[in-house]
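Have a look at the structure below before the remarks.
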2 protein chains.
Amino acid sequence: MSKISKALDHAEKHCKVSGTRLTEKRKHVLTGLLKSQKALSAYELADFYRNEFNESVPPMSVYRILAFLESENLVHKLHLANKYVACSHISCDHAHEVPQFLICDECSAVKEIGIKKTLIDTLKRNVAQAGYLLKSPQLELHCLCQDCAKQPA
Amino acid sequence: MSKISKALDHAEKHCKVSGTRLTEKRKHVLTGLLKSQKALSAYELADFYRNEFNESVPPMSVYRILAFLESENLVHKLHLANKYVACSHISCDHAHEVPQFLICDECSAVKEIGIKKTLIDTLKRNVAQAGYLLKSPQLELHCLCQDCAKQPA
DNA sequence: TAAGACATGATATATCGTATCATTAACTTT
DNA sequence: AAAGTTAATGATACGATATATCATGTCTTA
Ligand SMILES: [Zn+2]
Ligand SMILES: [Zn+2]
Ligand SMILES: [Zn+2]
Ligand SMILES: [Zn+2]
């Protein structure tokens, strides 16, 4: 069983438990993200969908579907890149924590990592000292992936 | 001498040293950011400019001017908000470090803070462990400012 | 003053995103 | 099964952010 169908399987179960519906279209959008292995914009996903499934989907529907998938923690939005990625932990059983992302500025590759809680706590203290309240500790960092770091830009 | 004219004065000197020109328009755009005390988009700045100086500027020029000001470290772009802020350290003499920003999601207030180097180093190590290269340690964090944290959203 | 560099204006277009209303599909209740 | 209700999707319009390109203007300097 491929990684992707395994993830879809988990997503299915997840939705059943949460009492929501993983429709065909939603499954297809998620498949697109899983296959692409990088961050895609809603419009890029609509294109992918059209090519992959020989069926066109209005970008507006993609937005709605992404919002749904995000609310189920199956997908994450990268606010820095205005793109979306499939969660790396769909097939994991543990509860989902606040995600941290490394985004390759060259090729949009994304790595979802766990950052030590102590580091986040330190960050929170830093923010509090400045009189602000940290709303979301989701970090998104401008990076280069291994491949892009090697090559001459 | 007001804080703003002091900052403009410093900006002027800074540009003289770096051999660049702080033209009237560029000065006005910077003034807009200094006055606003919050992050503004290029288009918002164009509006501000029109009202403040009774002279219209095409948004495209604002973009170019912002790019210039950013290259001189007089202005920073917030990629998370797609807005721009005047640097808080224009009037400082020390060299400019990589900035970190706390952005109020409610009112666009922005605080430019210095985050301890040790924390950044830890972060860098985390990223390296994941096989990525941290391109810019500029952090932008979703926050609430003091005012907005108090009020019922 | 003529040449070159730099700055700005003007226009078109790409990209990301929201708002709104209509239509269709699915689930619920009788 | 039929009717009623809710959820999902389609369709259209529009707004905001951003880039690309070519034309025009302004400053500097020889
Ligand atoms: Zn995740
Ligand atoms: Zn890359
Ligand atoms: Zn600064
Ligand atoms: Zn605020």
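Keep in mind that this is a model prediction, so the values were computed, not measured. Each chain gets a letter, A, B and so on, in the order its sequence line appears, and its residues count up from 1. Hydrogens, waters and symmetry mates play no part in the numbers below; they use all other heavy atoms, side chains included.
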Whole-Å distance between C/dT15 C1' and A/L40 CG? 15 Å
What is the distance from CG of A/L66 to C1' of D/dA8, rounded to the nearest Å? 15 Å
Are the side chain of B/D9 and the backbone N or O of B/S5 linked by a donor-acceptor pair below 3.5 Å? no
Please state how far atom NE2 in A/H79 lies from atom C1' in D/dT17, giving the value in whole angstrom units. 17 Å
Any A/S61 side-chain N or O less than 4.0 Å from OP1/OP2 of D/dA8: no
In whole angstrom, give the distance that lies between atom CG of A/L45 and atom P of C/dT15. 15 Å
Under 4.0 Å between a side-chain N/O of A/K25 and OP1 or OP2 of C/dA25, yes or no? no
Quick one: does any side-chain atom of A/E140 pair with a main-chain N or O of A/L80 as donor and acceptor, under 3.5 Å? yes
Taking the side chain as everything from C-beta on, heavy atoms only, tell me whether A/H14 gets closer than 4.5 Å to A/V17. no
Whether the side chain of A/R50 engages the backbone of A/V57 through a donor-acceptor N/O pair (distance < 3.5 Å, no angle test) should be reported. no
Roughly, in whole Å, what's the span from CG in B/L22 to P in C/dA7? 11 Å
Determine yes or no for a side-chain-to-main-chain donor-acceptor pair under 3.5 angstrom, with B/E44 supplying the side chain and B/S41 the backbone. yes
Calculate the interatomic distance between B/F68 atom CZ and C/dA5 atom P; express it in whole Å. 19 Å
Result for side chain to side chain donor-acceptor pair (under 3.5 Å) between B/H76 and one of B/K83, B/H96, B/Q138 points to B/H96
Within the 4.0 Å limit for protein heavy atoms, which parts of nucleotides 18-30 of chain D are touched? Write it as a string from 5' to 3', B for base, S for sugar-phosphate only, - for none. BBB------S---
Roughly, in whole Å, what's the span from CZ in A/R26 to C1' in D/dA8? 6 Å
